[in-house]
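First the structure, in the form of structure tokens, and then the observations on it.
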Amino acid sequence: MAEAAIELVGINKSFGTVRANRDINLVIERGSILGIVGENGAGKSTLMSILYGFYQADSGEIKVGGKAVAIKTPNDAIAHGIGMVHQHFMLVENFTVIENVILGAEHEALLKSSIAKARSELERLEREYGLEVDPDAVIEELPVGLQQRVEILKALYRGAEILILDEPTGVLTPAEADHLFRILRQLKEQGKTIVLITHKLREIMAITDTVSVMRQGTVVATRETAKTTVEELAELMVGRRVLLRVEKGEARPGAVKLSVRNLTVRDSRGVTMVSDVSFDVRGGEIVGIAGVAGNGQSELIEAVSGIRRAVSGSVMLDGAAIEVTGHADPGELRDRGLAHVPEDRHHVGLVLAFEENENSILGYHDKQQYLNGPFLKIDAVRDDARRKIEKFDIRPPDCRLRTANFSGGNQQKIVLARELEQDPGVLIVGQPTRGVDVGAIEFIHKQLIAMRDRGKAVLLISVELDEIRSLSDRILVMFDGRVVGERGPDATEGELGLLMAGVESQEAAE
Amino acid sequence: MEFFEALINILNSTIRVSVPLLLACLAGLYSERAGIFDIGLEGKMLAGAFAGAAAAAVFGSAWIGLLVAVLVSVALALVHGFASITHRGNQIVSGVAINFIAAGSTIILGQAWFNQGGRTPSLTADGRFGAITLPFADQLRDVPVVGQIYSGLLSGHTLLAYLAFLAVPFTWWVLFRTRFGLRLRAVGENPAAVDTAGISVAWLRYRAVICTGVLTGLAGCYMSLSQNAGFVKDMTAGRGYIALAALIFAKWKPVPAMFACLLFGFLDALSIRLQGTPLPIVGKVPVQFMQALPYVLTVILLAGFIGKAIPPRAGGVPYVKER
């Protein structure tokens, strides 16, 4: 067994009454890639924040290279060669790459020599690890994949020997994620130690040497990756058996419920994001739209659900037109039976400062059942919310709790419960399981299948190819604003991947 | 030639009235670039003006006045910092509170100490900053154009005026060429990035508000020890707010801030000049209208002509470590 780069001994950490980490012992071997998996709230990020000096452990010891050290601030962590790539990038968006890299590591009061040093150091890192990025590019103009690379460069520039990555692939396209993994392997070959925090089990299997599973603040198991399976890890994470594959019967498509013809949509900068897109969604089927994020899927569902005005084209809902190029009113569309679970639940789907029961009727608050003249029937609203909480197993089961205090998966369930319980004829759902735990994913998928089996039309947008493939009855692939191909649910990942990358369908078929 | 002289005169008074605006505007720039909104520029200027005049009157020295003005203004800036950095209070409320404290306490203390209805005693020459005549200004006075500009426009201002305009390139240099400036800009955009880089967010922001305090102190000093010979109540008359407007107009950049302040100063100087002078076509315009003109134009400029002003992204938001 190789020597330990880091040892965590008996770490405890509480936030108020919540015990985020209890009695954690963990050994990270030098020159290896360790995966830490667990559901949201299992304590993974807290543990790593303790290691990075962002929080102080209540008790316990951190050993770096066999010696006990005190890590009180990120500075201490950096001094001990620990670097972190945060889930939400810690970058100053209107700074250049080089300014971000030197921030906090400037070696004298004037910037000139720090910048010169960083420039040559970045060139060296680019040569050694293939971490290419223009040092003078402004962060906000870079794609997320490159922004993440800047975060890695920041850590390496500070001399990190141990690199912690918190949910690094959450924002990446499959191709970007692959590239990241290549970089991580290269770093490992150069002797760096890597800790990867994630809840995506496929990534764990693909890249790690060992994997530790966390549940409710404790490490429940540590396995050699080669000797475990996705099923075992999922079971360890959730504490019960989980169905990773979606079980569903044959689709029985009925009449066309939603019909999109020649739709063209521009974004706020005037760039055409959707061009001349046409498709139908029938009752009793799930149509999935696959594509790398930013290829027009978001604008498409915004236009269809009446949030964004289209330039041209038409959309029919149950045979009647939606004024997508005029003043389509999302409220009116809801009344006509079109429900929309938006991609971004924090900004569009929920008011996080509201209580759960208020969010559970948002958008339907003018329905007669909740109203008494101009006043809300508070009791009726809350009873309704409690019913949804029970049916969708929203935790904690408290309809008076502020929505911000629910976990991501439960917030998503609040939105789904609100939209599904209105029993819409057409459901448009964007990224239904983004940031959602394994256990909740299973539940959400079942609900979507159940909608389909009740004869409803479901239009699904997701950047998770697995999700698209396991749920959809038909798959449309979008690239650069156009639908470049349609495939059945049995399409291979490689085939869809080529389409998503914009390789024309004829070439893909060869 | 008469027109040219009139122009030189207007531009000269433009510079004079721009100085306190410029100092206050740069003061706001340090604070707001670090993510602390400061609507209390007005109050700090006023307190600085009063403290400077009071100390100069008592000790008979402009320099002691300057020192006291800066100390008092920095103290108020630290109060704002304590409320909004350490206690994560609302920055607007804290700033407004400082304005009220300054407006009230300067009058009460002035009356209690000097018994002149809230004024401070008129200062003698020692208690004020005198005009500095640049070398050869007198000899060049009669040289057409260049000499007139040199001796009529550039020469003859006080030390603080020259300091204010030198502070513009200096501030630019600090912001964009020093470690402190890099961190200051970063903490106003994304304090979490600064924190994870191992730099104290609170200490950085305190240093920024101290810079603000020093500059508002100088601004107040200029008004009571250079422009006037003592303090009168409410003598800042909203200049702190105009400076904020100029800061937004300049999109939080030092050199544009100077031009914005000069523009507002020019409008001010023009309105003084045009009072009582009949204008072509419209004839005589009421004094009040001319006085209101700079403010009206402020609203128009801010509403329509600057495009989208993007403030520092973390501005106004107290930094809380996320769980």
Side-chain angles (χ1 to χ4, degrees), chain A residues 13-16 18 20 41 43 45-46 49 52-56 71-79 82-96 98-115 139-140 150-151 154-155 157-158 164 166 404-405, chain B residues 29-30 32-36 90 169-205 207-208 211 250-254 256 307-315 317-323:
Chain A
K13 176 73 185 173
S14 298
F15 293 101
V18 182
S45 293
T46 304
S49 294
Y52 190 61
F54 222 48
Y55 303 127
Q56 299 286 296
I71 297 182
K72 292 205 172 71
T73 64
N75 261 346
D76 297 338
I78 293 164
I82 300 170
M84 183 143 174
V85 174
H86 297 265
Q87 184 177 5
H88 304 287
F89 302 149
M90 295 297 173
L91 297 171
V92 182
E93 297 213 323
N94 56 0
F95 276 22
T96 61
I98 207 157
E99 283 177 317
N100 269 290
V101 167
I102 62 173
L103 181 67
E106 320 90 333
H107 57 273
E108 59 176 48
L110 298 186
L111 292 180
K112 206 172 171 196
S113 69
S114 299
I115 287 181
I139 294 294
E140 58 197 349
V150 177
E151 280 279 45
K154 261 171 75 178
Y157 181 71
R158 287 160 171 73
I164 306 166
D166 190 0
N405 295 340
Chain B
L29 191 145
Y30 279 95
E32 303 215 340
R33 275 278 183 158
I36 305 291
N90 184 301
F170 179 73
T171 298
W172 178 87
W173 180 79
V174 166
L175 277 184
F176 297 101
R177 288 291 179 270
T178 70
R179 175 170 62 190
F180 173 65
L182 181 78
R183 294 177 174 188
L184 184 92
R185 287 183 289 134
V187 81
E189 292 289 333
N190 186 356
V194 169
D195 199 5
T196 50
I199 309 162
S200 163
V201 171
W203 170 227
L204 195 50
R205 287 188 161 170
R207 280 185 287 171
C211 294
K251 300 184 179 172
W252 293 267
K253 294 189 181 98
K308 201 174 169 206
I310 301 165
R313 252 161 271 196
V317 188
Y319 177 60
V320 185
K321 254 188 204 188
E322 269 181 69
R323 159 130 141 58

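Naming: A, B, ... by sequence-line order, numbering from 1 per chain. Note that the coordinates shown come from a computational prediction; the quantities given were computed from them, not determined experimentally.
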- Message: I'd like to know which of B/Asp195, B/Ile199, B/Leu182 tops the heavy-atom pair count under 4.5 Å against chain A.
- Response: B/Leu182
- Task: Measure from the side-chain N and O atoms of A/Glu140 to the backbone N and O of A/Val92, and report whether any donor-acceptor pair falls under 3.5 Å.
- Result: no
- Task: Against chain B, label A/Tyr52 side chain, backbone, both or neither, depending on which of its atoms sit under 4.5 Å from a heavy atom there.
- Result: side chain
- Message: With a 4.5 angstrom heavy-atom cut-off, is it the side chain or the backbone of A/Ile78 that approaches chain B, or both, or neither?
- Response: side chain
- Under the side-chain hydrogen bond (donor to acceptor under 3.5 Å, both in side chains) test, residues paired with B/Arg33 that sit two or more places apart: none
- Heavy-atom neighbours of B/Phe176 CZ exceed 12 at 6.0 Å: yes
- May I have all residue pairs that pass side chain to side chain donor-acceptor pair (under 3.5 Å) and include part of residues 179-188 of chain B, sequence neighbours excluded? A/Glu99-B/Arg185, A/Glu106-B/Arg183
- Item | Among A/Leu91, A/Asn100, A/Asp76, residue most engaged with chain B (heavy-atom pairs, under 4.5 Å) | A/Leu91
